[in-house]
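Quick notes on the structure that follows.
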Amino acid sequence: MRQLFVAVLGTAVFASSGACGGAGDPVDLEDASSPVDGGVAPDCEDALVRACGTDEGECVAGTQTCTSSRWSDCEGATGPVAELCNGLDDDCDGAVDEEFDVGVACDLDADGCLDDAIACTAAGDSACIESAPQATSRLGIDYLLPFMVKYHDDQWTEAYAALADAGVGWVNFADISPEAVHRGTAFEDDYWAMLDREVLRWQAAGFQIAMSLRTKGLELEAVPAELIEEICAQDADCAVAFDCERAGPNLCKGSDRLPFDSEHPEDPRGEYREWIATLVERYDCDGDGDAEGLVRPIRHFQIGNEYSNFAFWTGTAQDYGTLLEETRLAVAGQDVALISNGIRWNDLFHDMVQGGDPNGAEFERRVAEQHSHVADDYGQAWANAWTWHRTFVDATIGFAGLYDVLDAGGNGPYPTATEGYLDWVLGELPAAPPRVWDMEARAEPRLVCKDLLQTHCELTVDGGAGVLDALWAEAHDEPFDAHPIEWYRDEQAAILGQVLVKRFAAGAEKVFIGQVSDWNDPLTDGLAMWASENVFVGLVDSDGNPQPAFYAYLLGARLTNGFSGVETILKNTGAETGELEGDEIELHRFSFADEPDVLVGWLAEEAQHGTGISRGPSGMAPTATLAIDDEIDPNGAPFCVYRTPTTADPEAAPVQVTTDATGALLVDLTPAPVYIVQAGGDGTCP
């Protein structure tokens with residue numbers, strides 16, 4: 001509480017009341033009606049002592065003693081002083097550095113880009129200083145569509161700003177292409193005005209931006225005849241499907257190909273290079289042609305989406321190499337990082353551990369098995385497409401010298417596919433590899449199995465069809481059972497925590513989580529053929545309201561972002577731990593340069609390891625107790641245990657626990673991760 005500071009006869013006192021002021025009623029300094037001591041009545045009994053002043057901010061409360069019926073001066077107190085810019089509340093008003101605009105973006109080098117920030121100086125004032133150019137956050141949000149009008153409402157940035165505050169530092173702008181605005185080309189004002197607006201909104205919310213670029217809208221070459229021949233080797237009707245004028249709703253729709261400029265055949269991709277150069281120049285913060293109001297430069301550009309999928313790319317693998325080379329020419333001399341198209345293997349690597357297939361024999365066996373299954377059940381054309389997928393993924397890895405970051409986010413929402421998958425990726429890369437990011441991490445339980453695309457149908461949840469029925473009814477404003485939907489959303493939150501930990505433990509540098517629930521209702525829209533039966537993860541629903549997965553991400557980011565290393569320290573089978581047979585306890589340690597370690601653990605269900613149907617809404621989650629001894633965590637007690645949140649109060653008081661008589665820390669586990677952090681020196685939880 002702020003105190004009333006009064007001066008009486010040159011002596012400073014604090015007039016106070018209630019809990020902050022000590023005993024007695026407030027003194028009426030204007031009342032001279034009492035005949036005692038020149039008109040001021042006695043106000044205390046001798047020898048009484050009371051508190052005075054305040055402990056707010058840098059102030060320290062003191063005491064007053066009653067002597068001769070009068071309160072003494074406030075002794076031992078430290079009062080307020082003028083506010084300085086020093087990270088302290090000098091004037092004891094409950095605010096820190098409130099007059100100095102600390103953290104506000106500014107432009108130190110007058111290049112037109114607000115990529116610097118106001119900060120305190122040693123003199124106690126503030127000034128614009130150069131901000132660190134590195135974007136150190138390891139966490140991001142995937143697949144924001146900046147040209148989709150529904151995302152232009154501030155509710156989206158308002159919802160995600162909490163994630164930015166917790167350490168989620170990136171957002172991926174998807175589908176940036178010359179045809180992204182139907183009213184004109186990339187070189188007309190409407191295009192840039194709309195993109196500028198979204199860039200500035202998301203930068204103001206605290207995010208670094210990566211842009212995923214497509215070639216749609218440029219004149220494109222036809223689908224190469226040799227590609228059609230390879231895919232359709234044993235199916236005469238297949239070639240018709242590759243006539244993109246007559247193709248079905250998914251094949252070739254909106255697909256990219258190698259740009260071609262018929263008016264300048266001597267430079268057939270000049271228009272593409274011009275578009276790339278214009279885009280990069282507009283957001284590079286060099287003071288020349290920049291978008292007005294930029295907070296920071298944009299330096300990361302992804303070249304293509306999932307180009308092993310014909311829905312996104314109908315050129316050859318070598319054509320993609322040419323596209324990367326053309327992009328390098330367009331950005332020559334610019335400080336940018338190119339990101340590859342995403343490679344996708346879905347659940348092929350499920351239950352393969354790191355180091356478990358050193359010669360790649362098991363990987364090749366699984367590829368051959370899936371190829372044979374697809375040929376037998378769906379025809380040779382689809383089997384050839386599966387082979388083409390493998391060819392394109394291998395080619396993308398082979399182009400590693402042409403990009404700076406490999407988007408290896410391709411094993412779907414399966415924590416158990418992570419280790420073997422990233423082990424394979426890192427083993428395929430050259431000795432001087434690019435950085436590896438997962439730009440499409442997902443966390444949805446599988447509700448049905450499409451065995452054309454998926455290889456482990458045992459991952460399908462029991463009762464998944466009932467969950468779909470409830471989701472369908474909800475989307476169509478029909479009566480529905482809320483329980484399956486609530487279970488589904490809570491399960492997403494649990495899987496999200498596992499996915500984050502497993503990706504980092506396996507070697508990914510950054511992880512981007514899918515952002516909008518159900519991709520704006522694919523149950524009813526254009527993705528129905530592929531997505532309606534496996535609804536995608538969402539941090540928020542299609543109206544921008546946070547889902548349980550949002551709160552799980554918020555806590556995971558707050559406790560793990562900024563780590564310097566992560567290691568897996570426990571993976572015991574149930575038989576070894578004496579817990580539930582067939583299950584595994586997983587425990588991972590995140591280490592930091594200047595903060596205590598964070599342990600993250602959960603109980604992995606047996607169904608996630610290929611031995612049965614996954615638990616659905618009617619199943620009971622298994623539980624077990626983990627005993628962490630000094631050998632695993634030598635830091636001692638007390639500890640704070642945070643459980644995966646699913647509601648709007650993700651930081652509700654963690655459970656503080658201490659070690660038992662043997663020195664072991666006992667923690668109850670379920671499949672939803674728990675975070676275990678050593679308490680601070682004063683016993684408080686971070």
Side-chain angles (χ1 to χ4, degrees), residues 138-139 165-168 415 490 493-505 548 551-574 576-580 583-605 621-686:
R138 294 176 175 268
L139 302 167
D165 291 341
V168 178
D490 289 350
I495 295 174
L496 183 148
Q498 293 185 21
V499 165
L500 282 178
V501 173
K502 298 282 278 188
R503 299 292 204 268
F504 287 132
Y551 302 115
Y553 199 15
L554 189 67
L555 180 65
R558 190 174 70 83
L559 294 179
T560 65
N561 190 47
F563 67 86
S564 57
V566 58
E567 60 177 328
T568 301
I569 58 178
L570 183 64
K571 283 187 67 177
N572 289 336
T573 64
E576 293 172 349
T577 62
E579 305 297 345
L580 298 176
D583 292 342
E584 286 187 344
I585 289 176
E586 293 209 19
L587 188 66
H588 305 263
R589 183 189 353 247
F590 287 78
S591 55
F592 301 81
D594 302 312
E595 300 175 15
D597 294 347
V598 174
L599 304 180
V600 188
W602 63 85
L603 181 61
E605 300 174 76
T623 60
T625 299
L626 171 66
I628 305 175
D629 58 27
D630 288 343
E631 180 179 351
I632 295 176
D633 188 87
N635 291 323
F639 294 88
C640 304
V641 177
Y642 296 81
R643 299 200 174 276
T644 297
T646 57
T647 67
D649 192 15
E651 296 178 7
V655 178
Q656 188 175 104
V657 294
T658 57
T659 54
D660 64 12
T662 67
L665 178 70
L666 303 180
V667 180
D668 293 332
L669 295 182
T670 71
V674 298
Y675 298 79
I676 306 165
V677 191
Q678 187 177 9
D682 58 358
T684 59
C685 295

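Basis for what follows: all heavy atoms, side chains included, without hydrogens, waters or symmetry-related copies.
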Within the distance-only criterion (no hydrogens, no angle test), does the side chain of Thr644 pair as donor or acceptor with the backbone N or O of Ala552 below 3.5 angstrom?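 Answer holds: no.
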Quickly, which of Thr670, Asp668, Leu555 forms a side chain to side chain contact (heavy atoms under 4.5 Å, CB included) with Arg643? Name it, please.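 Answer after filtering Thr670, Asp668, Leu555: Asp668.
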Determine which pairs satisfy salt bridge (Lys or Arg N to Asp or Glu O under 4.0 Å) with at least one residue from residues 494-504, sequence neighbours left out, and list them in order.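 Salt bridge (Lys or Arg N to Asp or Glu O under 4.0 Å) check on residues 494-504 returns Glu419-Lys502, Asp438-Arg503, Lys502-Glu586.
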Over all atoms of both residues, closest heavy-atom pair of [X] and [Y]:
X: Ala494; Y: Pro673; answer: O-CD, 3.4 Å
X: Pro622; Y: Pro671; answer: O-CD, 3.6 Å
X: Ala505; Y: Thr568; answer: CB-OG1, 3.9 Å
X: Gln678; Y: Phe639; answer: CA-CD2, 3.8 Å
X: Phe592; Y: Asn561; answer: CE2-O, 3.7 Å
X: Val674; Y: Val641; answer: CB-CG1, 4.2 Å

Considering only heavy atoms from C-beta outward, does the side chain of [X] approach that of [Y] to under 4.5 Å?
X: Leu500; Y: Thr560; result: no
X: Trp602; Y: Leu669; result: no
X: Leu599; Y: Leu587; result: yes
X: Tyr642; Y: Arg558; result: yes

For Phe504 and Phe563, take the angle between the two ring planes, folded into 0 to 90°, and tell me which bin it lands in: parallel under 30, tilted 30 to 60, perpendicular over 60.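 Taking Phe563 first and then Phe504, their aromatic rings stand perpendicular (interplane angle over 60°).
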Starting at CD1 of Ile585, measure out to OG1 of Thr625 and round the result to the nearest 0.5 Å.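 Ile585 CD1 to Thr625 OG1: 8.0 Å, rounded to 0.5 Å.
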Holding to side-chain hydrogen bond (donor to acceptor under 3.5 Å, both in side chains), I want the full list of residues that pass it with Ser591, two or more places apart in sequence or in another chain.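 Here no residue qualifies.
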Salt bridge (Lys or Arg N to Asp or Glu O under 4.0 Å) partners of Arg138, counting only residues at least two apart: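 Arg138: no salt bridge (Lys or Arg N to Asp or Glu O under 4.0 Å) contacts found.
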